[in-house]
Amino acid sequence: ASFENFSVAFEAANGEELKQLIAKKSIPDVILLDVNMPGMNGFETAEWLYKNYPQIKVLALSMLSDESTIIRMLKLGAKGYILKSTDPEELQTALNSVIKKNFYLSEYISGKVIGGLNKNMDIPDDIMFLTEKEKEFLRLVCSDLSYKEIAEKMFVGQRRVEDYRNVLFEKLKIKSRVGLVLYAIKNGLFEV
């Protein structure tokens with residue numbers, strides 16, 4: 001859809017491509033960010049954008065309306081959250097609101113957020129801030145695979161896997177593989 005006052009600067013298939021396009025083309029005012037992109041997903045991309053381009057307003061877009069996804073995206077710096085089923089009128093309202101008021105949530109999404117906060121969220125904060133790749137790595141750490149084999153399973157280099165491990169050591173204040181395994185089991189990321 002094309003809206004008055006807005007023009008599409010570029011489209012990216014995933015977070016990696018988005019990084020390149022921002023560097024090459026221009027810094028847009030708003031990014032409509034799909035939470036469920038392949039590769040570098042919406043959570044990782046939102047976090048990267050917030051750290052590197054805090055002036056860009058991120059409007060998260062998803063088919064998911066579960067509280068944990070919405071709250072996690074907002075915690076990672078998104079200014080609004082809309083569903084893919086949203087009609088063009090609401091999308092335009094959301095874009096305008098994010099530009100002018102720095103914020104947009106529909107009544108439905110607001111209700112979900114409040115419901116999630118009232119439930120006090122079953123998800124510990126540190127799990128909320130783990131990327132999907134880090135969670136995948138944590139699950140594989142619980143197997144008897146070597147780090148080299150984990151890298152092959154994740155289709156990344158061994159150094160990348162060591163990066164995941166070191167970041168998790170830092171994020172979770174853990175010092176060993178055994179500690180990572182115990183953490184994954186305790187927090188329901190892996191079932192024995």
Joint cluster assignment, [X] & [Y], ILVMFWY side-chain distance < 4.5 Å:
| X | Y | value |
| --- | --- | --- |
| Val156 | Val141 | yes |
| Val167 | Leu172 | no |
| Leu145 | Leu168 | yes |

Minimum heavy-atom separation for [X] to [Y], with atom names?
| X | Y | value |
| --- | --- | --- |
| Leu180 | Leu138 | O-CD2, 3.6 Å |
| Met154 | Leu140 | CG-CD1, 3.5 Å |
| Val161 | Ala151 | CG2-CA, 3.5 Å |
| Leu105 | Ser110 | CB-OG, 3.5 Å |

Throw together a table of side-chain donor-acceptor distances under 3.5 angstrom for residues 47-61, partners on residues two or more places apart or in other chains.
| from | atom 1 | to | atom 2 | distance (Å) |
| --- | --- | --- | --- | --- |
| Asn52 | ND2 | Trp48 | O | 2.8 |
| Lys57 | NZ | Asn102 | OD1 | 3.0 |

Considering residues at least two apart in sequence or located in another chain, which fulfil the side-chain hydrogen bond (donor to acceptor under 3.5 Å, both in side chains) criterion with [X]?
| X | result |
| --- | --- |
| Glu132 | Arg72 |
| Tyr164 | none |
| Glu162 | none |

CZ/Arg160: more than 12 non-hydrogen atoms of other groups inside 6.0 Å: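 No, because the 6.0 Å sphere around CZ of Arg160 holds 12 heavy atoms or fewer from other groups.
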Salt bridge (Lys or Arg N to Asp or Glu O under 4.0 Å) pairs, two or more places apart, involving residues 91-108: none
From CA spacing to verdict: side chain to side chain contact (heavy atoms under 4.5 Å, CB included), Leu83, Met63: CA-CA 5 Å; Leu83 296 175; Met63 289 188 295; over 6 Å; no
Donor-acceptor contacts under 3.5 Å from residues 13-39 side chains, at least two apart:
| from | atom 1 | to | atom 2 | distance (Å) |
| --- | --- | --- | --- | --- |
| Asn14 | OD1 | Glu16 | N | 3.3 |
| Asn14 | OD1 | Glu17 | N | 2.9 |
| Glu16 | OE1 | Met40 | N | 3.3 |
| Glu17 | OE1 | Ala13 | N | 3.0 |
| Asp34 | OD1 | Asn36 | N | 3.0 |
| Asp34 | OD1 | Lys84 | NZ | 3.4 |
| Asp34 | OD2 | Lys84 | NZ | 2.9 |
| Asn36 | OD1 | Ser62 | OG | 3.2 |

What's the separation between atom [atom1] in [X] and atom [atom2] in [Y], rounded to the nearest 0.5 Å?
| X | Y | atom1 | atom2 | result |
| --- | --- | --- | --- | --- |
| Leu76 | Thr45 | CG | OG1 | 10.5 Å |
| Arg139 | Ile150 | CZ | CD1 | 13.0 Å |
| Tyr108 | Ser85 | OH | OG | 8.5 Å |
| Ile71 | Met73 | CD1 | CE | 13.0 Å |
| Gln92 | Asp87 | CD | CG | 11.0 Å |
| Glu90 | Leu95 | CD | CG | 10.5 Å |

Those residues that, when tested against Glu134, pass salt bridge (charged side-chain N to carboxylate O under 4.0 Å, His left out) (two or more places apart): Lys171
Cation-pi check, Arg165 onto Phe137 ring (under 6.0 Å, within 45° of axis): no
For Ser146, side chain to side chain contact (heavy atoms under 4.5 Å, CB included) partners two or more places apart: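 Per chain and number, Ser146 pairs via side chain to side chain contact (heavy atoms under 4.5 Å, CB included) with Lys148, Glu149.
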Ring pair (Phe, Tyr, Trp, His ring centres under 6.0 Å) involving Phe169 - partner list, sequence neighbours excluded: none
Residue pairs passing the ring-ring contact (aromatic ring centres under 6.0 Å, His included) test where at least one lies in residues 79-105, sequence neighbours excluded: none
